[in-house]
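In what follows, every chain begins at residue 1, and chains take the letters A, B, ... in the order their sequences are listed.
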Amino acid sequence: MSDATKPGDAPSLPTFTLDGHDVPFTPDQTILQAAMAAGHYIPHLCFHPEFKPHGSCKVCTVKVDGRTMASCTTQARAGAEIESSSDEVRDLRRNLVQFLFTEGNHFCPSCEQSGDCKLQAVAYELGMTSSHFTQMFPDRPVDASHPDVLLDFNRCILCELCVRASAEVDGKDVFALSGRGIKKHLIVNAESGRLADTRLAVEDKAMSVCPVGVILRKRRGFRVPIGQRTYDARPISEVAVDQYRRATRGDE
Amino acid sequence: MTFVLEKAAAPAGLRRIVIDPVSRVEGHGKVTILLDADNRVHQVRLHIVEFRGFERFIQGRPYWEVPVMVQRLCGICPVSHHLAASKALDLVVGAKKLTRTAEKCRRLMHYGQILQSHALHFYHLASPDLLFGFDAPVAKRNVVGVIAEHPELATQGVLLRKFGQEVIRITAGKRVHGTGAIPGGVNKSVTHAERDELLPQMPQILAWARGAVRIAVDLHRAHQEEYDGFGYVRSNLLSLVGKNGDLDLYDGTLRARDADGGILFDGVDSQNYRAHLKEDVRSWSYMKFPFIGSLGADLGWYKVGPLARIQNCDRIPTPLAEEARQEFLARSPGKLVHAPLAYHTARMIELLHAAEVIDGLLRDDDLHGDDLVAKGPRQIQGVGIIEAPRGTLIHHYEVDSQDLVTMCNLIVSTTHNNQAMNEAIREVARKYLDGKEPTEGLLNHVEVAIRAFDPCLSCATHALGKMPLVVELRSADGALVEEIVRE
């Protein structure tokens with residue numbers, strides 16, 4: 001029996017190994033989903049348990065039988081040997097996260113998402129101590145036109161979770177990405193280009209999926225004291241597994 | 001008008017001595033002195049040489065981010081900026097009056113800050129000069145020398161500061177750059193367990209604070225004549241004054257006195273500061289020169305900080321500090337004290353006051369309430385004034401209908417003392433340097449005068465800096481004659 005299965009689990013589930021641990025999976029699961037379900041955290045940013053895997057940030061990269069793959073979009077395969085916490089893989093992920101930090105304007109010291117931000121938490125998880133690469137300092141004015149929502153584009157990592165949530169859950173198509181390559185950026189669906197002229201409402205799913213600090217409820221910043229924020233007491237490796245299990249239990 | 005020794009009549013051919021940067025102060029500044037061939041002093045200036053730009057880059061940011069962002073101006077007194085910004089934004093969110101819990105938690109945070117900053121300055125930055133002498137060997141005249149010869153004092157300094165930092169951690173979430181205050185209130189109150197961490201330490205803290213006043217008084221009295229005249233600079237005084245003329249470092253109205261103690265203005269609401277205070281600029285410094293508008297730039301400059309505050313108020317509302325204040329005032333009945341070195345005693349009287357206030361607040365159950373945030377009709381601007389460790393700190397913001405900051409004006413404590421510090425070092429140069437070959441020890445006298453004001457040059461200019469000292473002695477043709485480097 002694998003170390004992640006319990007008595008009573010169907011004994012016939014196939015398994016792969018993740019850093020030497022047997023991980024069972026069901027046929028519909030990707031490597032990331034199976035690993036998270038079994039309690040093994042693989043860092044990720046654009047993946048969200050309630051949405052179809054997207055594979056854009058690549059932070060969940062692992063080595064599958066020696067080949068680098070995005071674990072969120074790679075189907076689990078019986079007998080595969082997967083490497084997730086080796087120095088090589090962690091270095092690769094850390095570089096990807098450093099690129100994200102240098103492409104945008106991520107100033108954690110004054111950011112209201114500090115302590116609740118997945119990008120920050122993943123950077124801590126990967127032992128990132130500096131941005132390493134040259135900061136690009138793009139000029140990205142905020143959109144404060146909406147009475148209750150602020151868009152701070154400085155922090156966008158182009159994960160498209162808001163795009164997916166608005167389209168698939170809210171049915172509003174409020175967000176989209178525009179441009180290509182380094183010029184790719186988040187836009188809103190209004191002729192004026194202003195959030196106030198879209199159909200976004202604070203109850204929308206798109207309001208709650210941003211892994212960083214782009215989509216913000218106005219006038220809420222810093223209401224949660226230090227010590228009570230998402231990642232103050234526990235690292236993202238524990239928090240994310242719990243969140244995944246809650247989201248996939250199907251009882252919420 | 002140009003002040004005496006501000007500008008040499010004929011600078012060409014004079015040799016220039018530079019103290020760069022000034023050490024054992026917060027931030028980065030330098031002093032230049034122009035001497036002729038006979039070492040007569042012709043010009044003395046304290047320059048702030050670097051520039052930051054908080055007033056500009058806070059524009060376009062959401063207002064609720066401001067108290068957390070602007071505190072990054074400083075690593076020593078971030079709480080002061082955090083609270084001054086929060087006070088300004090209280091008005092923007094219409095919270096004219098905070099809940100009792102919010103106000104008391106903020107006061108606790110602020111007096112913790114006063115305690116730690118004053119302890120840091122006296123024990124670690126200023127005490128080497130006072131204990132060993134202004135021209136003591138440089139190898140000894142530093143905090144390591146204090147630890148070696150007066151280990152009990154160095155330890156008290158560390159532990160007093162630690163206590164203040166713990167007060168800040170409990171109220172702000174972190175010892176440095178926390179988030180406790182938000183527009184309209186606070187994001188947490190103090191738990192009983194947190195209070196129980198602090199309260200048992202109070203008898204020791206109060207005892208050390210009383211001892212600190214005694215040390216400052218004794219050091220001054222041991223050199224009474226020299227200290228009273230050192231860098232002597234008469235000026236007006238400015239500070240907030242609380243209800244009934246009480247010393248209040250968190251809130252109040254503005255009061256200014258002339259150099260003889262006469263009231264220039266009183267009861268001025270924070271929101272009207274611009275009607276009374278103006279700012280001048282000089283080409284040779286990034287630090288502005290504020291002055292009382294009605295008196296003009298030549299006569300309207302003033303001192304802020306502990307020496308101004310304890311003489312500007314009518315009384316200190318805690319008994320031990322008031323007793324110390326009365327003793328301080330009794331030394332020159334009916335006359336204001338203007339000696340910069342008297343700042344040290346005044347600062348320790350405030351440290352004692354801060355300890356007494358913290359002791360009182362920790363016994364107040366309002367600290368533990370859960371009514372944390374107030375609000376009211378939204379306003380487009382707000383001014384927050386607080387008495388930071390170094391003096392009156394003014395934050396002024398305008399916020400548009402989309403909640404973004406459109407204007408920010410900061411007048412930082414040290415900036416108010418700009419002219420006074422320049423005048424003090426000119427007086428020192430006249431008395432100690434004029435006609436003499438400048439030595440490191442003599443040049444340190446200039447720094448001693450600056451340190452008395454406990455300037456935070458990084459706050460004042462919004463500049464970052466390191467703390468080594470390089471003194472260059474150049475001949476009239478500009479060639480380097482001698483260089484003294486302090487790592």
Handout entry: Part of B:A181 within contact of chain A (heavy atom distance under 4.5 Å)
Key = neither
Exercise for the section: Go through the atoms of B:V373 and report whether side chain, backbone, both or neither lie under 4.5 Å from a heavy atom of chain A. Expected result: side chain
Completion exercise
Applying a strict 4.5 Å limit to non-hydrogen atoms, the region of A:D143 in contact with chain B is neither
Handout entry: Test item: B:K87 side-chain N/O and B:Y250 main-chain N/O as donor-acceptor pair under 3.5 Å
Key = yes
Fill in the blank from the handout: Looking only at heavy atoms, the pair that brings B:R106 and B:D90 closest together is NH1-OD2, 2.7 Å
Problem - Non-hydrogen side-chain atoms of B:T415 and B:R390 separated by less than 4.5 Å - result: no
Completion exercise
Test side-chain contact (heavy atoms from CB on, under 4.5 Å), reference A:H44, set A:L32, A:V122, A:T61, A:V59, output is A:L32
Completion exercise
If you tally heavy-atom pairs under 4.5 Å between each of A:S114, A:P109, A:G227 and chain B, the highest tally belongs to A:P109
Exercise for the section: Under 4.5 Å heavy-atom distance to chain B, tell me which part of A:D152 shows up: side chain, backbone, both or neither. Expected result: side chain
Handout entry: Lys/Arg-Asp/Glu bridge criterion (N-O < 4.0 Å) met for A:E50, A:K205
Key = yes
